[in-house]
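The structure appears right after this line, and notes come after that.
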There are 2 protein chains.
Amino acid sequence: MEREKKVKKRDSRVTIRDVAKRASVSISTASYALNNNPNVSKETRKRVLDAARELNYYPNASARNLKTNKTGNIGFFIYGFDGPIFGDILEGVNLELQKANYNIVVSSGISSAVLLREQQVDAAIIFDSNLEDETIYNFAKRNVVVLLDRTLKDKNIYDFQVENKEIVCVLLEEIIAKGYKKIAYLSGPIESPSNQERFACFEETLKRHKMETFKFYEGDFTINTGYKVGVKIAKSGDWPDFVFCANDESAIGLINAFNEFGIDVPNDISVAGFDGILLGEYIKPRLTTIQIDYKTWGYNIAQFIISYLQKQKEAIINKPTAKIIYKESTK
Amino acid sequence: MEREKKVKKRDSRVTIRDVAKRASVSISTASYALNNNPNVSKETRKRVLDAARELNYYPNASARNLKTNKTGNIGFFIYGFDGPIFGDILEGVNLELQKANYNIVVSSGISSAVLLREQQVDAAIIFDSNLEDETIYNFAKRNVVVLLDRTLKDKNIYDFQVENKEIVCVLLEEIIAKGYKKIAYLSGPIESPSNQERFACFEETLKRHKMETFKFYEGDFTINTGYKVGVKIAKSGDWPDFVFCANDESAIGLINAFNEFGIDVPNDISVAGFDGILLGEYIKPRLTTIQIDYKTWGYNIAQFIISYLQKQKEAIINKPTAKIIYKESTK
DNA sequence: TTGTAGGCGTTATCAA
DNA sequence: TTGATAACGCCTACAA
């Protein structure tokens, strides 16, 4: 019975206490050594680090976070795990964060709101329109937020929209120059800022040439809806000669429908998209698109957050590059 | 000066202390109320919850985790953010975890190892062969681990491999029945267990029919390498009449190369893959494949973890269903 | 039913 | 250069 009491608590982790004991120093000295604090002698540091290694010690994150009020984690919150562009952004973000010893933590759905509310991350990158503005504002009271899916104005909140304006205009100018007359638009969700910007540029360029939007088809950025719109167009008989799609996925759905109905792309109807996703290179005909360098975008976002958190310098936002890639879906 | 001292610390969050004060109860009562502990009167609970809402209180995760030695987070660690099957598994996992109030946390690269070592998650799902066995063993001393990419034997460690055996045999049987004679294999990474299992079934079935592997091409599960192999085959002139690829992505690269070199798929060479990824439906010819229900797999994994953590019952592992989908890439 | 108090594992202040 | 000790915010015996 007596002996039982002295037994180490079942399951208990190695703590800094154990390390200190093994290195024959006080807890505080151990902490200094482990955190590279300069005021600890070289020999002591070595003893402590050795002990830590021998005991396979790793700090308890909760305790550290509670004390320092930091987590070292950066959250990336997305609306779903299967979006084709997230992969690239995330790779860029992660590569860069690793260099600065931040951890990336990706989440989606309710989890995202919980992690934000309980401040389990030091900074948040948000690409999920399901997250409520209020949750974001609240998190931003004490932490930095980068928005990719909307625009909010407040201290600590920054938005990194893709640069749509110029590049969509350029594409449309070139399309008009090629002689297309009946130019239509397949939208994303109406309220999406990206969609709105892209459509604004679309309309503006047409207007500059005294042309009218041949048709405005409502979509939602998905292949499925793109397909449905394609079927409707095919059946209608009232065909445009060019459809600019707000993103690649809807363009791919559209082309799929056209293929099925024997509509010749690009000769009957030409199609272009936006994003430059991998899938666009594997469909037939391959998709003309505006290619965004999402990986670099991710890299830039991570850079921004790091310099913000470390307050090294005025953090600067770099827009990702965009370029037009002509493939066989246009003449 | 005096006044300065009394000012609330800049930036400080709302704590349970503030809630207790506003509800005029002690901290412990507030805690009980917030955690649905039964021994607190209805009115008191209401007062506390109201106060929490009014103050916009959310618990400090670090403090809670430190005390309870739990995080409520389940980690999913992957080798990269752009794998086409992760999206589906993750959706399934997340949907199920949400119901049980667990948060999903996805990470990759060094971050994964850190999160595991510092035990920032209560359970880990691992699909990243870059993570070292030792890191996993260590984490598993106190937590449950589900492996999707390898097999390790230890307390708390479980592996959920896709069921490759039966279904690959069935496909090969059917292929042989169709009269293919020169049947080749395009592998994944040689050391990958999935690849090994699939190849074992492949070889076994051929052997049963007294056939030999026409060629073994080494790949690595990527489109790029699949493409390179395809080019090599095209140039060699020594063609198989059927290539079974260890996954869809390599099959897609292969077909792409064949298309470029004017090899007729399926008539010159037929191709089949494994996974059933979206891309396979959009290439020409569409890819014959073994389709795995990855979303359900994710669902099952989450179920397993939840019942394990809650020790409700003997946790049971359900394998995901697999079925063969014939498309135009085979005769 | 409610309150008091101790401690989870760290970091960091202060004194030695 | 090192060590004792007080927090960080929360949960939970135990006492009232």
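Source: prediction; values computed, not measured. All values below were derived from every heavy atom in this structure, side-chain atoms included, with hydrogens, water molecules and symmetry-related copies excluded. Just so we're on the same page: letters track the sequence lines, and every chain starts at 1.
The shortest non-hydrogen separation linking A:Thr15 to A:Tyr57 is C-CE1, 3.5 Å. Of all heavy-atom pairs spanning B:Ser108 and A:Asn94, the tightest one is O-ND2, 3.0 Å.
For D:dC10, the OP1/OP2 oxygens have no side-chain nitrogen or oxygen of B:Ser31 closer than 4.0 Å. The side chain of A:Tyr57 places an N or O atom within less than 4.0 Å of a non-bridging phosphate oxygen (OP1 or OP2) of C:dT10. Put simply, A:Thr44 has a side-chain N or O that comes within less than 4.0 Å of OP1 or OP2 on D:dT2. Contact check, B:Ser41 against C:dT2: a side-chain N or O comes under 4.0 Å of OP1 or OP2.
For the pair B:Asn69 CG and C:dG7 C1', the interatomic distance rounds to 13 Å; values are reported in whole Å. With rounding to whole Å, B:Lys42 atom NZ is found 13 Å from C:dT1 atom P. Separating the CG atom of B:Asn37 from the P atom of D:dC10 is a distance of 17 Å, rounded to the nearest angstrom. Going from atom CG of B:Leu34 over to atom P of D:dG9 covers 16 Å, rounded to whole Å. Rounding to whole angstrom units, CD of residue B:Glu43 and P of C:dT1 are separated by 9 Å.
Annotation: of the two residues near DNA chain D, A:Ala30 and B:Ala63, the 5′-most nearest-nucleotide partner is A:Ala30.
Checking D:dG3, D:dG9, D:dC10 against every side-chain atom of A:Leu66, the shortest atom distance belongs to D:dG9.
Note on A:Asn35: only backbone sugar-phosphate atoms sit closer than 4.0 angstrom, heavy atoms only; bases stay farther off.
For a distance-only test at 3.5 Å, the side chain of A:Lys67 fails to qualify as a donor-acceptor partner of the base of C:dA12. A donor and an acceptor atom sit less than 3.5 Å apart, one in the side chain of B:Ser28 and one in the base of C:dG3. Evaluation of atom-type donor-acceptor distances gives a pair under 3.5 Å for the side chain of A:Tyr32 against the base of C:dT13.
Screening B:Tyr294, B:Phe160, B:Phe86, B:Phe77 for a ring pair (Phe, Tyr, Trp, His ring centres under 6.0 Å) involving B:Phe127 leaves a single residue, B:Phe86.
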* To do: Apply side chain to side chain contact (heavy atoms under 4.5 Å, CB included) to the pair A:Leu97 and A:Ile306, showing each step before the final yes or no.
  => CA-CA 7 Å; A:Leu97 289 182; A:Ile306 292 166; 4.0 Å; yes

